[in-house]
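All remarks here apply to the structure that follows.
The first residue of the sequence shown is numbered 1, and numbering continues consecutively from there.
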Amino acid sequence: MRTLLRIHMRGDVANRAIQDGTLPKTLEELLDRVHPEASYFFADNGQRAAFVVFDLEDSSQIPAISEPLFSRLGAEVDYTPVMNGDDLRKGLGEVAGNA
């Protein structure tokens, strides 16, 4: 299922992670693990943040994806199922076909 992973990193923990090299290593490991369709990195309300869109094949992947972000970056993470335009058209077509 196409999924949006939202990541917000605590400033103090992320600062240390930049200084010791943990932040880039952790993010690189994340990207290698999930093979994202897209990934974006930005500041949000004064915190380092990222959006990563990827295919979550099974919910059992969530701990392996989340735990390094929690423990190394002090991150808050959220997972949300998302659609692209093709998915939306398909879904709306199914709704219209059942109306």
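Arg89 CZ to Met83 CE: the interatomic distance, rounded to the nearest 0.5 Å, is 11.5 Å. Remark: Ile65 CD1 to Glu29 CD distance equals 13.0 Å, nearest 0.5 Å. Atom CD1 of residue Ile62 and atom OG1 of residue Thr3 lie 7.5 Å apart, to the nearest 0.5 angstrom.
Within the 4.5 Å cutoff, side-chain heavy atoms of Ile18 are placed close to those of Arg48. Contact annotation: the side chain of Val53 never approaches that of Pro36 to less than 4.5 Å [non-hydrogen atoms, C-beta and beyond].
When all heavy atoms of Arg72 and Val13 are compared, the closest pair comes out as O-CG1, 3.5 Å. Contact between Ala17 and Pro24 at its shortest, heavy atoms only, is O-CD, 4.2 Å. The two residues Pro68 and Pro63 have their closest heavy-atom pair at CD-O, 4.3 Å. Listed here is the closest heavy atom pair of Arg10 and Gln47: CA-NE2, 4.2 Å.
For Glu76, the CD atom sits in a loose shell: 12 or fewer heavy atoms of surrounding residues, nucleotides or ligands are nearer than 6.0 Å. Residue Phe42 places its CZ atom among more than 12 non-hydrogen atoms of other residues, nucleotides or ligands, all under 6.0 Å distant.
Not counting sequence neighbours, Gln61 has no partner by the side chain to side chain donor-acceptor pair (under 3.5 Å) test. With sequence neighbours left out, Val77 forms a side-chain contact (heavy atoms from CB on, under 4.5 Å) with Leu5, Ile7, Ser66, Leu69, Phe70, Ala75, Tyr79. For Arg2, the side chain to side chain donor-acceptor pair (under 3.5 Å) test picks out Glu37, Asp87, with sequence neighbours left out.
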- Item | side chain to side chain contact (heavy atoms under 4.5 Å, CB included) evaluation trace for Met9 with Leu23 | CA-CA 10 Å; Met9 298 166 244; Leu23 189 139; 3.7 Å; yes
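If you chain together hydrophobic residues whose side chains sit under 4.5 Å apart, Leu4 and Met1 never meet in one group.
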